[in-house]
2 protein chains.
Amino acid sequence: MREPDVDKRDETVTADDVAKRAGVSRWTVNRAFKKDASISQKSREKVMGAAKQLGYVPDLLASSLASDRSNMVCLLIDDFANPHKLVMLERLTRFLRKNGWDTLLVNTSDEEDTSAALLNASQRRVDAAVLIGSQFTDRSLATALGARRVRKLIVFARTSENPNTISICCDDRAAMNEIANYIIGKGYRRPLFLAGPQTSSAHLGRKETFLTKWHDTFSTTPEFISVARYDPQLAYDRIVSHFAGRTAQEITDVIVCENDALALGAMDAIRTEMGLRVPQDIAVTGFDDIPQADSANYRITTYRQPLSAMAEGLVQVLKGTADSDQLCHFIGKLVERESA
Amino acid sequence: MREPDVDKRDETVTADDVAKRAGVSRWTVNRAFKKDASISQKSREKVMGAAKQLGYVPDLLASSLASDRSNMVCLLIDDFANPHKLVMLERLTRFLRKNGWDTLLVNTSDEEDTSAALLNASQRRVDAAVLIGSQFTDRSLATALGARRVRKLIVFARTSENPNTISICCDDRAAMNEIANYIIGKGYRRPLFLAGPQTSSAHLGRKETFLTKWHDTFSTTPEFISVARYDPQLAYDRIVSHFAGRTAQEITDVIVCENDALALGAMDAIRTEMGLRVPQDIAVTGFDDIPQADSANYRITTYRQPLSAMAEGLVQVLKGTADSDQLCHFIGKLVERESA
DNA sequence: CAGTGATTTGCTCGCGCGTGCAAGAGTTTT
DNA sequence: AAAACTCTTGCACGCGCGAGCAAATCACTG
């Protein structure tokens, strides 16, 4: 059996059409499509039958306009060189969709300011805007908040000092301390910290935590360098230039990277450009546990954020059932591999 | 100076409010925000002034409902293990946004069928749905077309036999022939083709083209193997199992991969698991020119699709100004590196 | 300054559905 | 069997804006 009334599909079929066919009112039709609506089993079946015949589905645009809830969230991202973003996108879209939210993806790498993008999102009445990029300064966040009708501004996988935003992230301090302890336990004593953009407070968190921890333990502050983007290529170049003309393995015995994207570049530089071995000559650690970190070529010792739990946290924030104390204290897991 | 009337921002400000303040009608207000509307310079300035004071921006939701144009396109993706997707997402979102379209990202890796996702997209009245995943069979496309109100169904970076879809892709046949010629010219004579999911007609195109070309030249048909997803890890495992217990370099001198995602895994397998060198023992070619292909560790000889031109083509399709003959014949560029 | 055409402005009606209430139907209690 | 419920259904009104037309205004010309 094929769908009946196939010819009708060109014109938009509204709840009124279904109502006429099912012999009920339009409101009963729309009730039939609401999960917890007050409607009898009998008329729901009548409606659903008619709806299927006509190929009716509720119009979410009209629904959003009328109810002032769009069931869309806007994801702002500016950091497409970092493979971890693909993982985050996969996880977030899946969890959001499973819970009834659609995802609006906005590329903010072009925008000088995120506020334009946020303004645009607000024009669509998104229920929330989620920042998962890296270049958002707290200042730009502040101005961005000028764009209202964005009910919730959420910073994902990063801490934010801005009191008007909700931050969902793992406990970076605990995580970095765990990495530091691991490194110390392994006997490394001449670390180099490779950081990302200095505008990001996340990296401030990780870098500061590591440097502080090290200082507390050995009373010396390790060297650190940074790159402008979380981009393996930039990390590669930076490592090369940092060690140019020096005997790297005598200066440094481990490179602690702010995340795996940087670690990839660092490892490539160590092996290909400098001709050294990881971890024998110089060890490397990362953060995020991206898929490549587990590949045969890299095998990076890293820290896995509990992305699914964090995505679940985001859903709870959207539902308004979140426990705000827990949102910034997700606990991940150190993944020990061969790179350190 | 900070924004005046800050206190007003909590309530939604509509065109009516602006109209009252500017001393014009509501329709004049909305005209002021339309690029090519018939409105005098003077009243536009009046309106814009009032709008800025009140913090007004047009509501795209209401606009979409009234005009039946949402200015949204839906991107369907199921292939998050392929790093190339991140590049595509970056490019597409940027071009779309620059031309006035917002992007709805739908993760279809969970869905048994894409039609559910398409149905959902249609409920949002997207102007077009763009398939950039890999698992869409032409059969599923056919059933997916049952979900109407999706004005345009576009298959991006892949050919499609379905006449109801618009396919935007580079000329795979020309590209693969170029790769084949390159390989032949380099003197390789024992190729192995590593393909992706057999449901994808794109891979059919590339694989078939290569095998046919080879047969035409040497009257022998090379061996080929395949994996279920464009995932480096799967490619790694497949290559390992394929050569298990055999002296690989005697069987094969080049592995032609359907894309870079597979090439990454293949190279890792050759070097790490089999202890061989690329390209001296076994060469490798890819397709897509993902960022990692250019990294010091891989240096993959590959084929770069003209993504920006293709994204521009998508925009033209949306605008209705596309030259349909050209949509499937974008020409890319062979990028010669050290892997073959 | 009336007359003509070009431009600008206002307006009616509708996009498809949600909210909240009141009327109707169905069920239980005494 | 009437009263007292509960559940279900229908409805007026509104969400914010757009298409298309009619009225109003403007810019010239002779």
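All chains are named by letter (A, B, ...) in the order of the sequence lines, taking the proteins before the strands, and each is independently numbered beginning at 1. The structure displayed is predicted, hence computed values, not measured ones.
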| Looking for any heavy atom pair under 4.0 Å, which part of the strands does A/Y56 touch: base, sugar-phosphate only, or nothing? | sugar-phosphate
| field | Sequence neighbours excluded, every pair satisfying ring pair (Phe, Tyr, Trp, His ring centres under 6.0 Å) that has a member inside residues 30-76 of chain A | value | A/F33-A/Y56
| field | Residue pair A/A32 / A/V47: nearest heavy atoms and the distance that separates them | value | CB-CG1, 3.5 Å
| remark: Sorted by position of nearest nucleotide on DNA chain C, 5' first, the leading residue of B/L65 and B/Q41 is B/Q41
| Salt bridge flag under 4.0 Å for residues A/R31 and A/D36 | no
| Are any of A/S43's side-chain N or O atoms less than 4.0 Å away from OP1 or OP2 of D/dT8? | no
| query | For nucleotides 18-24 of chain C, read 5' to 3', which letter fits each nucleotide if B means a protein heavy atom sits under 4.0 Å from the base, S means only the sugar-phosphate is that close, and - means neither? | reply | BBB----
| field | Rounded interatomic separation in angstrom, taking NZ from B/K35 and C1' from D/dG18 | value | 19 Å
| Integer-rounded Å distance: C/dT8 C1' and B/K42 NZ | 11 Å
| task | Return the value, rounded to whole Å, for the distance between atom CG of A/L54 and atom C1' of C/dG16. | result | 16 Å
| field | Separation of D/dC15 C1' from A/R124 CZ (nearest whole Å) | value | 17 Å
| message | For A/P58, is there any backbone N or O sitting under 3.5 Å from a side-chain donor or acceptor partner on B/Q123? | response | yes
| task | Round to the nearest Å and state the distance from A/R69 atom CZ to C/dC17 atom C1'. | result | 14 Å
| So does A/S38 get a side-chain nitrogen or oxygen closer than 4.0 Å to the phosphate oxygens (OP1/OP2) of D/dT9? | no
| query | At their closest point, which heavy atom of A/I132 faces which heavy atom of A/K85, and how far apart are they? | reply | O-CE, 2.5 Å
| request: Please report the closest heavy-atom contact between A/T159 and A/S167, naming both atoms and the distance. | output: CA-OG, 3.3 Å
| task | Please report, rounded to the nearest Å, how far the C1' atom of C/dG10 is from the NZ atom of B/K46. | result | 13 Å
| request: Calculate the interatomic distance between B/D16 atom CG and D/dG18 atom P; express it in whole Å. | output: 12 Å
| field | Atom pair distance, as rounded to whole Å: CG in A/D36 and P in D/dC7 | value | 14 Å
| said: Could you check whether B/D127 pairs with B/K319 (Lys NZ or Arg NE/NH1/NH2 to Asp/Glu carboxylate O, under 4.0 Å)? | reply: no
